[in-house]
**Student:** 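Structure provided below as structure tokens; questions to follow.
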Amino acid sequence: MNRLRLYIELRHHRRLAEKRALNFSENQVAKWIVIISSSIMVVYLMGFALMFSLLVNSDRTIMPVEFMTALAPYLLTIDFLIRFLAQQTPAQLMKPYLLLPIPRHACIESFVLSSMLSWGNLVWFWLLVPYTIMSVVFSEGIAVSLNFLLFYWLLIVANSQWYAIVRTLINKSMLYWAVPLLFYALVFMPVILQAGKAEGWENMFELYGLMGTAVNNANPLALLGAIVLVCLLAFVNRQVQYHHIFAELSKSETTTLHHVAQMNFLERFGEMGTYLQIEVKSLLRNKNPRKSFIFATSIILLLTVLMLFTEVYDNPYMKSFWCIYNYLIYGSMMLLKVMSYEGNYIDQLMMHRENILRLLHAKYIFYSVLLVVPFLLMLPLVANGKWSMLMLVSYGIFTAGFQYFVLFQMAVYNKTTLPLNAKLMSKNGLENNYVQVIAQLGTLAVPLLFVNLIQHLCGETVSYMLMLTIGGALIALHRLWLRNIYNRMMKKKYVLIEGWHTSR
């Protein structure tokens, strides 16, 4: 099989992957919700295109192409962050093909090329094409317009390769977060040097607008530079993917004897204490859960420091958003995948009646207690008067009640086993679980809309008291709704067990 034939065959496999997914039936309704949400995003992008076009057309001091290339750092940074929700790296797709007589380099190259030619790289064209039609075509001509769109597409493709490199390195070690942080610090250096003042933003706008000048003047160095950048990043991505895949495949398992904390204080809670020990030791002994916990704690700490020492997030809407988000980080990063890690040893959990119910109960207690961490980290915001204690407590109670009530429903739908320690490769990669996406968006967006609506109608104090009431009621009734979740799981236990076994 030549490389072209291999590429076509692998592309065909990836198109079929979603239909073959274990959660295909549950995904369909959620997928349509995601499609509708994406359609709304498209409308927003076209709205921004109209706004930018009107702004540029009324200002003769800057060329349309210069204006949009000056915005490239912001658009590409947003694009980089959004890719964490959807784009898989070649390493995450490799495992099903490792035992086949396919050259690994050729397989990786096919996945790298697929990521470059993905339709997802054209999403920003809902902004770029209308803008080009309204501002570039009639002022600069069709040739410049096509040159501009090609240049921007090359930048987006380069960004996709940059994301794959960074994501693979981060999967290997959290310390590699320093790489994108340093890179974007360099990108936004004009603003940083001016400490965020208007002069810094103007200097940055002028600096990146020079790319648009080159494109507008048909300077061949602009396209040539973009092509070289794409080729260089694609080559580096190929090497990084192959190196990390080979390192993980050839890694020999070693067992290190060390002292394991007994946590005897939990034994007083009987069987429940045993399940609590499972939760604690899962974070302490397994790489992937531990990495998620450390990453979540780091995000909470970083956001709290930003809110404490800046005034960017001091308006009521942003205060509500970040308080809800900080409390929800642990749930969205770990609890959203409830029962996925347990799929590795689900047979032992299914041996006795109501084991799963006790496990769910222990998880609820553990993650509720874990909310003390963001509570303590955000206390300085109360001490300096930015937030009120009533707000902090009410959001915490609401998270433990309503938010966790929603997230625990995923136990009925999660039937894909996640590896506890393998960092790069899994049998199914990161399948697009649209149910998880909807649950995550719902737990963030619904409370935020509710709080802001009640605050607008009745004031902050009333909204906080309502959140306390709703959250407190669901906490008091947690045994009932956990029992309901358990009963629904048992009705489809054979489907769930088959999914956990198949996806190991």
Side-chain angles (χ1 to χ4, degrees), residues 1-21 72 75-76 79-126 128 146-147 149-172 179-180 183 222-249 423-432:
M1 182 182 293
N2 59 39
R3 293 186 181 239
L4 176 60
R5 180 60 184 168
L6 176 62
Y7 169 75
I8 295 173
E9 191 66 26
L10 291 178
R11 287 276 291 183
H12 178 64
H13 284 186
R14 298 318 305 164
R15 284 195 296 268
L16 294 177
E18 187 173 317
K19 294 181 179 180
R20 294 170 175 169
L75 298 183
L76 294 177
D79 179 72
F80 174 80
L81 296 174
I82 291 176
R83 289 180 187 274
F84 279 88
L85 298 176
Q87 183 175 333
Q88 297 171 287
T89 66
Q92 293 166 330
L93 302 172
M94 275 291 295
K95 191 169 184 178
Y97 307 98
L98 292 176
L99 298 179
L100 296 179
I102 300 174
R104 290 174 186 168
H105 273 301
C107 193
I108 291 173
E109 289 166 3
S110 295
F111 286 131
V112 169
L113 183 59
S114 294
S115 67
M116 296 171 65
L117 300 179
S118 169
W119 289 106
N121 292 331
L122 298 177
V123 170
W124 288 105
F125 274 58
W126 290 104
L128 297 173
L146 295 176
N147 194 32
L149 292 175
L150 177 60
F151 176 76
Y152 232 107
W153 177 75
L154 290 171
L155 291 182
I156 295 170
V157 171
N159 204 43
S160 72
Q161 300 308 295
W162 163 243
Y163 160 81
I165 295 168
V166 171
R167 182 63 181 270
T168 304
L169 295 176
I170 291 172
N171 285 345
K172 189 69 177 176
V179 174
F183 173 77
L223 280 180
L224 181 61
I227 293 172
V228 170
L229 179 63
V230 170
C231 294
L232 178 62
L233 288 174
F235 175 77
V236 173
N237 185 25
R238 172 186 178 273
Q239 297 301 110
V240 168
Q241 301 298 328
Y242 183 80
H243 171 75
H244 285 80
I245 288 172
F246 184 78
E248 187 160 299
L249 285 174
K423 294 183 176 182
L424 296 176
M425 295 179 295
S426 62
K427 189 169 185 179
N428 296 298
L430 297 176
E431 290 179 294
N432 293 324

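All values below come from the heavy atoms of this structure, side chains included, with hydrogens, waters and symmetry mates left out.
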**Student:** Looking only at non-hydrogen atoms, find the nearest pair between Tyr152 and Ala72 and report the distance.
**Tutor:**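 Closest approach of Tyr152 to Ala72: OH-CA, 3.2 Å.
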**Student:** Quick check: closest heavy atoms across Phe80 and Pro180, and the distance to 0.1 Å?
**Tutor:** CZ-CB, 4.3 Å
**Student:** Look at the side chain of Asn237 and the backbone N and O of Tyr163, then say whether any donor-acceptor pair between them is shorter than 3.5 Å.
**Tutor:** no
**Student:** Report the residues that fulfil side-chain hydrogen bond (donor to acceptor under 3.5 Å, both in side chains) with Trp162, sequence neighbours left out, ordered by chain and then residue number.
**Tutor:**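 By the side-chain hydrogen bond (donor to acceptor under 3.5 Å, both in side chains) rule, Trp162 matches Tyr184.
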**Student:** How many angstroms lie between CD in Gln161 and CG in Asn121, if you round to the nearest 0.5 Å?
**Tutor:**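 These two atoms lie 8.5 Å from each other.
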**Student:** Nearest 0.5 angstrom please: Leu81 CG to Leu76 CG, how far?
**Tutor:**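 Going from the CG atom of Leu81 to the CG atom of Leu76 covers 11.0 Å.
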**Student:** Quick one: side-chain hydrogen bond (donor to acceptor under 3.5 Å, both in side chains) partners of Trp153, sequence neighbours excluded?
**Tutor:**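 Checked Trp153 against side-chain hydrogen bond (donor to acceptor under 3.5 Å, both in side chains); zero matches.
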**Student:** What residues form a side-chain hydrogen bond (donor to acceptor under 3.5 Å, both in side chains) with Asp79, not counting sequence neighbours?
**Tutor:**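 Applying side-chain hydrogen bond (donor to acceptor under 3.5 Å, both in side chains) to Asp79 gives Arg83, Trp124, Asn159.
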**Student:** Show your reasoning for whether side-chain contact (heavy atoms from CB on, under 4.5 Å) applies to Leu154 and Leu229.
**Tutor:** CA-CA 9 Å; Leu154 290 171; Leu229 179 63; over 6 Å; no
**Student:** Taking all atoms of both residues into account, what is the closest heavy-atom pair of Ala164 and Gln241, and its distance?
**Tutor:** O-NE2, 3.5 Å
**Student:** What's the separation between atom CG in Leu117 and atom OG in Ser160, rounded to the nearest 0.5 Å?
**Tutor:**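 Between atom CG of Leu117 and atom OG of Ser160 there are 9.5 Å.
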**Student:** Starting at NE2 of His243, measure out to CG of Leu169 and round the result to the nearest 0.5 Å.
**Tutor:** 9.5 Å
**Student:** Quick one: CD1 on Ile227 to CG on Leu232, what's the gap to the nearest 0.5 Å?
**Tutor:**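 So the CD1 of Ile227 and the CG of Leu232 are separated by 13.5 Å.
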**Student:** Which heavy atom in Met116 sits nearest to a heavy atom in Ala234, and how many Å separate them?
**Tutor:**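 The answer is SD-CB, 4.0 Å.
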**Student:** Within a radius of less than 6.0 Å around CZ of Phe183, do more than 12 heavy atoms belonging to other residues, nucleotides or ligands occur?
**Tutor:**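 Result for CZ/Phe183: enclosed.
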**Student:** Please report the interatomic distance CD1(Ile165) to CD(Gln239), rounded to the nearest 0.5 Å.
**Tutor:**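 The CD atom of Gln239 is 10.5 Å from CD1 of Ile165, to the nearest 0.5 Å.
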